[in-house]
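A, B, ... follow the sequence lines: proteins, then strands. Residue 1 opens every chain. All heavy atoms count here, side chains included; hydrogens, waters and symmetry mates do not.
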Amino acid sequence: MSNQTGTEPFEYDAKSIQRKWQPVWDELAPFDSGRPDDPRPKKYVLDMFPYPSGDLHMGHAEAYALGDVVARYWVQRGYNVMHPIGWDAFGLPAENAAIKRGLDPREWTYANIEQQRTSMRNYACSFDWKRTLRTCDEEYYRWNQWLFLRMFEKGLAYRKDSWVNWCPKDETVLANEQVVQGRCERCDTLVTKKKLTQWYFKITDYADRLLDGLEDLRGNWPDRVLSMQRNWIGRSVGADVDFQIEGREEPVTVYTTRPDTLYGATFMVLAPDTELAQELAEDAGAETLQAFTEYLEQVKAQTEIARESTDHEKTGVFLNQYAINPVNGERLPIYAADYVLSDHGHGAIMAVPAHDQRDLDFARKFHLPIRVVVDSDEPDPAESGVAVPGDGVLINSGPLDGLHKEEAFQKAIEVLEQRGTGRAAKNYRLRDWLISRQRYWGTPIPIIHCEHCGLVPVPDDQLPVRLPASAGLDLQPKGTSPLGAAEDWVNVPCPKCGAPARRDPDTMDTFVDSSWYYLRFVSPHDDAAPFDPELAAQWLPVDQYVGGVTHAILHLLYARFITKVLHDLGKIDFEEPFTRLLNQGMVLMDGSAMSKSRGNLVRLSDELEAVGVDAVRLTMAFAGPPEDDIDWADVSPTGSAKFLARAWRLAQEVFSPAGVDPALGNRALRVQTHRFLHDIPEIIEGFRFNVAVARLMELVNTTRKALDDPSIGATDPAVREAVEAITIVLSLFAPYTAEDMWQVLGYEPSVSLAGLPDCDPTLLMEHTVTAVVQVNGKVRGRLEVPRNIAEDELREGAAKLPGVVQAIGDRQIVKCIVRAPKIVNFVIAR
RNA sequence: GCGGGAGUGGUGAAAUUGGUAGACACGCAGGAUUUAGGUUCCUGUGCCAUGCGCGCGUGCGGGUUCGAGUCCCGUCUCCCGCACCA
């Protein structure tokens with residue numbers, strides 16, 4: 001970067017500028033927020049807090065660069081901005097790394113946090129350093145326990161025995177959300193199922209509100225995230241229908257989204273791994289039972305291996321039993337088949353082969369009848385093998401005949417409700433949130449197991465339940481929590497009856513920690529409450545959340561859920577935590593995600609060393625729309641560095657005193673400066689950071705020309721005005737460079753607090769514009785005209801342009817469209 | 001299959017009420033400065049034709065309009081999420 005010939009008068013040296021300003025900012029703390037007397041309106045800008053698994057990487061660099069633009073922008077607009085940072089410090093990676101290195105997870109975590117903190121300061125993140133938090137601090141996690149207890153009281157935290165996802169490598173249970181295509185989200189191991197008693201949060205109680213709440217976020221959250229959440233919750237609307245079974249007391253209830261096709265049901269299918277299937281098989285006699293048992297074994301063996309297979313050849317076994325269709329009394333043979341899942345709906349379906357592809361596949365294989373009940377133009381499914389799911393007119397359906405799908409849907413439910421054999425119902429893909437983990441490095445669950453009293457909550461005044469020191473504990477994954485072996489810790493008297501009892505040895509999923517941390521920032525060291533209610537009322541909700549799309553489902557869904565819970569507990573008065581969300585893309589290298597194994601890792605520290613902090617930040621902002629991925633191979637950090645040097649040199653050459661009246665300056669340059677100032681807010685608020693940088697570059701180029709133009713020159717006040725505007729806006733992207741320029745321009749630090757200059761509307765109005773003149777829609781000439789030119793005048797001027805005259809020739813002008821002052825279009829006969 | 005999004009130069013991308021397509025950069029080419037390289041500065045750069053341009057051009061095909069990257073209909077491709085979810 002540096003000029004080694006020494007012939008240039010000024011040198012831009014990113015490193016020395018960084019060294020120069022960091023201590024000044026530490027002293028000034030320009031981003032401290034929350035002085036009680038601060039009259040500025042509030043703005044809460046939050047970056048997703050990092051996991052301290054090492055030093056910052058390119059992904060952090062992008063996220064924090066973009067979040068910083070937003071935070072710094074609102075400061076420049078005169079807001080009291082709270083922009084805090086913390087560490088999501090509990091969790092498996094820390095524990096695994098600690099085991100590998102033979103360290104205490106605590107030591108390893110805190111060391112990483114310190115390293116990240118140093119890197120963030122160097123990276124000029126505009127965080128309020130008085131408001132940091134670490135989720136592994138007991139002053140933080142005690143409030144996880146507090147939250148757990150409140151939820152326990154409300155029945156929202158409960159234990160149940162069920163088949164859970166199990167990662168054999170990490171030896172711990174996983175939430176549904178942590179299983180990606182049958183594999184552990186973290187270590188990619190094939191997930192297995194294990195029957196265990198675990199703690200759950202009852203997120204399904206909030207399914208409707210979580211889904212409906214997405215409507216309010218439309219426009220302020222990326223469509224992609226809204227759609228992912230919608231999919232994840234997976235609400236479907238339909239009906240529960242009760243079917244009597246021959247020779248059996250209790251009916252079987254099935255869930256269907258197509259009650260309109262009830263008359264088209266020709267058989268029933270149960271999930272093989274249900275008690276009902278087992279019972280029916282037993283009741284049907286030895287032969288059936290044997291066939292069923294064999295099938296069940298086959299299904300169980302297959303699940304783990306064939307999980308991923310894409311073609312699902314239908315299999316199943318007849319249970320030799322019949323159900324009665326409640327609307328027409330028909331006998332429906334009952335099968336057990338693995339295409340019906342035990343954990344969806346009631347684990348049983350009515351099969352309508354004509355109108356459902358899966359049922360049709362099964363019916364064709366087992367030679368079951370196929371009855372069309374929705375008449376459409378499609379070919380007969382029994383012939384074509386293609387089910388007809390679309391609309392049509394109902395036939396063969398008794399009272400539903402002649403109705404369309406939608407009407408029949410409603411009517412069928414009415415009929416069922418009248419007869420008491422069914423009712424409208426909803427179903428969700430969403431499952432309750434499994435929060436217990438059999439690992440050490442997390443928040444202890446504040447429950448004591450007493451032989452006499454059962455599950456006893458730890459009284460609030462005994463919180464926190466401290467995590468015991470790891471010394472002497474075996475942290476190796478082994479399927480049970482290491483805390484169970486901490487005898488001094490685990491054995492306690494029951495808080496209720498005083499008898500010897502044991503603490504729950506599990507720890508909480510770290511997503512519990514991150515589901516409410518945004519609230520803690522308003523009073524990070526409060527020891528009376530998780531957050532100060534008054535401060536929360538003042539600051540919340542978060543106005544702008546910034547983070548990666550990797551958290552589109554997990555973290556954001558959990559945080560929305562916990563927010564609604566806290567709302568219902570009367571602790572806060574809003575239901576959505578994050579008003580606006582910006583999801584930045586990923587930083588790639590040569591088209592794919594960076595990884596050591598792929599050998600395409602770009603180290604942030606190397607980039608910072610090569611071009612400096614500001615150039616890296618600027619590159620992140622300029623690369624393209626923030627939500628798009630950045631391929632580091634496609635961008636030019638050195639190009640950014642060159643631009644910064646150009647801008648910086650501009651400031652060195654300004655030769656008019658600070659405070660000079662810009663009104664005396666060059667008009668053309670002033671016009672461009674003020675158009676720039678006018679457009680910047682709209683551009684930044686629309687997250688079009690790349691455009692903002694382009695506009696900065698444009699203004700730098702123009703100002704350079706003005707400066708070098710002898711008729712304008714370094715003493716022109718308009719040059720100073722332009723450079724000041726550049727400096728202030730540049731401070732959003734390249735704070736070190738801008739700070740240095742600000743000083744050269746004769747001001748005290750910090751430029752971050754300078755404020756965006758007002759733009760002068762008269763300068764926006766006065767300048768001339770280029771009118772485009774078209775003939776038959778093709779551009780044939782241009783005309784410099786005043787902004788307020790009259791239509792007639794513009795038309796006459798346009799008609800005289802040589803290019804236009806030539807294009808028209810002797811043909812007749814049929815029509816002339818004039819939109820002053822921008823365009824004239826002559827329509828001529830062809 | 002369901003849901004969401006996107007297709008614009010060699011590359012990243014602009015064009016936010018239908019009105020100059022390709023701003024701003026990267027790359028490349030040429031030139032100035034330099035012993036040389038780098039830096040810095042200047043010029044050029046959508047495609048085709050380049051002796052000429054009422055020539056072509058925003059995935060493709062239609063339509064509306066004086067005028068379409070933008071609106072409408074159809075179609076293809078790609079990316080993301082969910083998926084034997086009844």
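- When heavy atoms are screened at a 4.0 angstrom cut-off, A/Val254 is found touching no nucleic acid atom at all.
- Nucleic acid contact class of A/Asp634 (heavy atoms, under 4.0 Å, all strands): sugar-phosphate only.
- RNA chain B is contacted by both A/Ser227 and A/Gly347; A/Ser227 maps to the nucleotide lying nearer its 5′ end (nearest heavy atom per residue).
- Between B/A68 and B/G3, the two C1' atoms lie 29 Å apart (nearest whole Å).
- Atom CG of A/Leu644 and atom P of B/U40 are 12 Å apart (whole Å).
- The nearest heavy atom of RNA chain B to A/Asp628 and to A/Arg646 marks one nucleotide each, and the one closer to the 5' end goes with A/Asp628.
- Candidate nucleotides B/C41, B/G4, B/G67 were compared by shortest atom distance to the side chain of A/Arg649, and B/C41 ranks first.
- To the nearest angstrom, C1' of B/U65 lies 15 Å from NZ of A/Lys778.
- Atom C1' of B/C71 sits at a distance of 16 Å from the matching atom of B/U58, rounded to the whole Å.
- Straight-line distance between the P atoms of B/A25 and B/G46: roughly 15 Å, to the nearest whole Å.
- Rounding to whole angstrom units, CG of residue A/Asn825 and C1' of B/A68 are separated by 13 Å.
- Using N1 to N3 plus N6-O4 or O6-N4 for Watson-Crick, or N1-O2 and O6-N3 for G-U wobble, each under 3.5 Å, B/A83 pairs with nothing.
- Straight-line distance from the CD1 atom of A/Ile828 to the P atom of B/C66: 15 Å, rounded to whole Å.
- Looking at the side chain of A/Arg224, the nearest of the listed nucleotides B/A14, B/C80, B/C24 is B/C80.
- Pair assignment for B/U77 gives B/A6, based on Watson-Crick or G-U wobble hydrogen-bonding distances that are each under 3.5 Å.
- One C1' atom belongs to B/U43, the other to B/U33, and the distance between them is 15 Å to the nearest Å.
- With B/A14, B/C84, B/U39 as the choices, the nucleotide that has an atom nearest any side-chain atom of A/Pro625 turns out to be B/A14.
- Of the candidate nucleotides B/C84, B/A86, B/A14, B/A86 has the atom nearest to the side chain of A/His344.
- Counting any heavy atom pair closer than 4.0 Å across all strands shown, A/Glu682 reaches sugar-phosphate atoms only and no base atom.
- Checking B/A86, B/C24, B/A14 against the side-chain heavy atoms of A/Ser236 singles out B/A86 as nearest.
- Counting only heavy atoms from C-beta on, A/Lys642 has its side chain closest to B/U40 among B/U40, B/C54, B/A86.
- The same atom, C1', is picked in B/U45 and in B/C26; the two are 13 Å apart, to the nearest Å.
- A perpendicular orientation is assigned to the rings of A/Phe689 and A/Phe733, their planes being inclined by more than 60° (bins at 30° and 60°).
- One P atom belongs to B/G38, the other to B/A29, and the distance between them is 11 Å to the nearest Å.
- Rounded to an integer number of Å, the gap from A/Met228 CE to B/A83 C1' is 14 Å.
- Look at B/A21: it lacks any Watson-Crick or wobble partner with both distances under 3.5 angstrom.
- Ring planes of A/Phe366 and A/Phe362: parallel class, angle under 30° (limits at 30 and 60°).
- Across all strands shown, A/Gln774 has heavy atoms under 4.0 Å from base atoms, whether or not it also approaches the sugar-phosphate.
- Put simply, CD1 on A/Ile349 is 10 Å from C1' on B/C84, counting in whole angstrom units.
- Using Watson-Crick or G-U wobble geometry with both donor-acceptor distances under 3.5 Å, B/C28 finds its partner in B/G44.
- The residue A/Phe622 sits close to a base: some heavy atom pair falls under 4.0 Å.
- Here B/G9 is in the syn range [glycosidic angle within 90° of 0].
- Other residues, nucleotides and ligands place no more than 12 heavy atoms under 6.0 Å from the CD atom of A/Gln812.
- If you take atom P in B/G27 and the same atom in B/U20, they sit 30 Å apart, rounded to whole Å.
- Among the atoms of the strands shown, base atoms are found under 4.0 Å from some heavy atom of A/Val772.
- Using a 4.0 Å cut-off between a side-chain N of Lys or Arg and a carboxylate O of Asp or Glu, A/Arg704 and A/Asp708 qualify as a salt bridge.
- Of all nucleotides listed (B/G19, B/A86, B/A14), B/G19 comes nearest to the side chain of A/Lys822.
- Checking B/U40, B/A14, B/U20 against every side-chain atom of A/Arg782, the shortest atom distance belongs to B/U20.
- Using a 4.0 Å cut-off, some side-chain N or O of A/Arg688 falls inside it from OP1 or OP2 of B/A15.
- Distance alone, capped at 3.5 Å, is enough to place a donor-acceptor pair between the A/His355 side chain and the A/Val373 backbone.
- Atom CD1 in A/Ile680 sits about 15 Å away from atom C1' in B/U16, given to the nearest Å.
- No hydrogens or angles considered: nothing links the side chains of A/Trp221 and A/Gln229 as a donor-acceptor pair under 3.5 Å.
- Comparing the C1' positions of B/C56 and B/G9 gives a spacing of 14 Å, expressed to the nearest Å.
- Judged purely by distance below 3.5 Å, without hydrogens or angles, the side chains of A/Ser342 and A/Asp273 pair a donor atom with an acceptor atom.
- A/Arg819 comes within 4.0 angstrom of a nucleotide base, judged by non-hydrogen atoms across all strands.
- At whole-Å resolution of the value, CE in A/Met697 and P in B/C26 are 7 Å apart.
- For the 3.5 Å distance criterion, the side chains of A/Arg819 and A/Asn825 fail to qualify, holding no donor opposite an acceptor.
- Nearest to the side chain of A/Asn690, among B/A14, B/A86, B/C66, sits B/A14.
- Comparing B/G81, B/C24, B/G19 against the side chain of A/Asn701 picks out B/C24 as the nearest.
- When the side-chain nitrogen and oxygen atoms of A/Arg230 are compared with OP1 and OP2 of B/G81, none of them lie within a distance under 4.0 Å.
- The base of B/C82 is not paired with the side chain of A/Asn231 by any donor and acceptor separated by under 3.5 Å.
- A side-chain contact (heavy atoms from CB on, under 4.5 Å) with A/Leu783 is found for one member of A/Ile789, A/Val772, A/Leu801, A/Val804 and no other, namely A/Leu801.
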